[in-house]
Every structure is written in C-alpha cells, then in structure tokens.
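This one's a predicted model, so the numbers in the text were calculated from it and none came from an experiment.
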Amino acid sequence: VQQLLDELKMTHIDHNILFSYNRVIKACVADGLWQEALDLISNMIVRDISPDVATYTTAIDACGKAGQWQKALLLMDDMVVEGINPNEFTYCCAITACGAAGEWRKALDLVDSLLEANIPLNDVLYNAAIDACARAGQDAKALHLIAQMEADANIQPDLLTYNYGL
C-alpha cells in the first residue's frame, strides 16, 4: 500500500485519478490504515480532486473497521457539506461502525435519518442495525427492528437477520 501511496502522490496524470485514489483508499481499508485513508482524502482536496460517494464510503468503512466510529460520522457530515449524498452503502458502513463500537443509539439515529429522508431500508441496513443493537445487549430493540422488517411487504428477514437478533 505504501508504494501505491507514494506513486499516487507523485503522479500528475488526471486521467482516472479519482478511480486511482479510490483504489488506494480501498487498499488502506484492507490493511487497516484508516488514518492514511483520511490523509488521502485531504490530499485529494488539496489537489482539487473532488472525492465522490465511493471515496467517502470506503473511508467510512476504514474508520469503522478501526473502531473510529466518530471519525466515520464526521466523514458523513463532511460529504453532506460537500454536496455528496450518502447512499445505502455509506449508511450501512456508518451503522456497522457504530454497532461495532457499541454505539447502538447512534446506529439507530442513522436509521431514523434514513426514514426521515424517505429512503427505504433494505435487508442489509436492517441487519446492520439489528446487529448494532444485539452487540450492545439491546435485545428488545433488535427484536423490534426484526418485527418492523417482517411487517414490511418488500423485505423478508433472512437467516442472517435472525442470527443477529436472537
């Protein structure tokens, strides 16, 4: 990863540079280099390269996997300020980051913000929220989410749902 970082910093070719940055940030996730992922986003902005939803989502994932849930949520705020709307994948990474840190209330706040924006929850988002609650010992909240999921005609709980919630 370090070699890719060094090459990326030295390159002056703008063709597919966003794609290249996103690939290196993804490599940072794989290697647990969350701070390097954030540094790359800063480097992009300095070089007047606009990060996209994939850039931010991947960096949020990196922060979440490193236990940096607060940084993950700050990145979501940053992307909104930059005019980039988080997508389902972004929310899933942020919910998962909060859940892994035991921050089930923050995870449910993210679910609420999706619902307030009239963005329907899918099975992956439900499962992330259910897992966040279950990890924190909030069984009643997890079961409530499963009941909500079961009541939704468009989504059916799967084996993963029940493994998280029970």
Side-chain angles (χ1 to χ4, degrees), residues 16 18-32 34 37-38 40-41 44 49-166:
N16 292 326
L18 178 61
F19 176 78
S20 297
Y21 267 99
N22 287 346
R23 296 293 294 169
V24 175
I25 292 170
K26 187 173 179 87
C28 289
V29 173
D31 286 353
W34 67 274
L38 298 183
L40 281 168
I41 291 175
M44 290 174 74
I49 300 165
S50 298
D52 64 3
V53 68
T55 311
Y56 279 106
T57 300
T58 306
I60 289 166
D61 188 33
C63 290
K65 288 179 177 172
Q68 300 292 324
W69 65 273
Q70 293 139 321
K71 297 268 188 205
L73 296 182
L74 287 173
L75 281 171
M76 281 192 74
D77 291 342
D78 289 349
M79 68 188 292
V80 170
V81 167
E82 293 296 322
I84 301 167
N85 293 324
N87 63 22
E88 294 168 349
F89 299 109
T90 311
Y91 275 97
C92 186
C93 289
I95 291 167
T96 300
C98 292
E103 295 293 330
W104 63 274
R105 285 185 182 97
K106 294 289 185 186
L108 292 183
D109 287 347
L110 290 166
V111 169
D112 289 342
S113 66
L114 280 165
L115 296 173
E116 288 169 7
N118 292 318
I119 299 171
L121 298 180
N122 61 27
D123 59 334
V124 175
L125 290 165
Y126 267 115
N127 285 343
I130 291 165
D131 183 49
C133 291
R135 284 176 180 250
Q138 297 298 315
D139 298 336
K141 297 282 186 190
L143 291 172
H144 177 73
L145 286 168
I146 291 172
Q148 276 184 280
M149 194 177 185
E150 290 172 335
D152 189 327
N154 298 317
I155 303 171
Q156 291 302 311
D158 57 17
L159 184 59
L160 191 58
T161 305
Y162 294 113
N163 282 338
Y164 285 149
L166 301 176

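- C133 and K141 get closest at one heavy-atom pair: SG-CB, 3.7 Å.
- L38 places none of its side-chain heavy atoms less than 4.5 Å from the side chain of Q68.
- In this structure, the separation between CD1 on I25 and OG1 on T55 is 5.5 Å, given to the nearest 0.5 Å.
- One distance of note links CE of M44 with OG of S20; it measures 10.0 Å at 0.5 Å rounding.
- Remark: of the listed residues V29, L40, N22, V29 is the sole one forming a side-chain contact (heavy atoms from CB on, under 4.5 Å) with T58.
- Scanning all heavy atoms of the two residues, the minimum distance from A37 to A62 falls at CB-CB, 4.3 Å.
- Across all non-hydrogen atoms, the minimal contact from I95 to A132 is O-CB, 4.4 Å.
- The CG atom of D52 sits 4.5 Å away from atom CG of L18, with the distance rounded to the nearest 0.5 Å.
- Atom CE of M79 sits about 7.5 Å away from atom CG of N85, to the nearest 0.5 Å.
- With sequence neighbours excluded, the residues satisfying side chain to side chain contact (heavy atoms under 4.5 Å, CB included) with N87 are V53, T57, F89, T90.
- Looking at L73 and C98, their side chains come closer than 4.5 Å, going by heavy atoms from C-beta outward.
- Looking at P86 and Y56, their side chains never come closer than 4.5 Å, going by heavy atoms from C-beta outward.
- Nearest approach of M149 to Q156, heavy atoms of both residues: CE-O, 4.0 Å.
- Side-chain contact between N127 and D158: present, with at least one pair of heavy atoms (C-beta onward) separated by less than 4.5 Å.
- When all heavy atoms of G99 and R135 are compared, the closest pair comes out as O-CD, 3.4 Å.
- Distance check, rounded to the nearest 0.5 Å: CD1 of I41 to CG of D78 gives 8.5 Å.
- The side-chain heavy atoms of E88 and N122, taken from C-beta on, include a pair separated by under 4.5 Å.
- Counting heavy atoms from C-beta outward, L121 and L115 have side chains that approach closer than 4.5 Å.
- In this structure the side chain of T161 never reaches within 4.5 angstrom of the side chain of Y126, judged on heavy atoms.
- Annotation: side chain to side chain donor-acceptor pair (under 3.5 Å) contacts of D152 (sequence neighbours excluded): none.
- Contact detail for A72 and I60: the closest heavy-atom pair is O-CG1, 3.6 Å.
- Residues I130 and L160 are not in side-chain contact: their nearest non-hydrogen atoms beyond the backbone lie 4.5 Å or more apart.
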Which pairs would a plain distance check flag for residues 100-113, meaning a side-chain donor or acceptor within less than 3.5 Å of a matching protein atom at least two apart in sequence or in another chain?
from	atom 1	to	atom 2	distance (Å)
S113	OG	L110	O	2.7

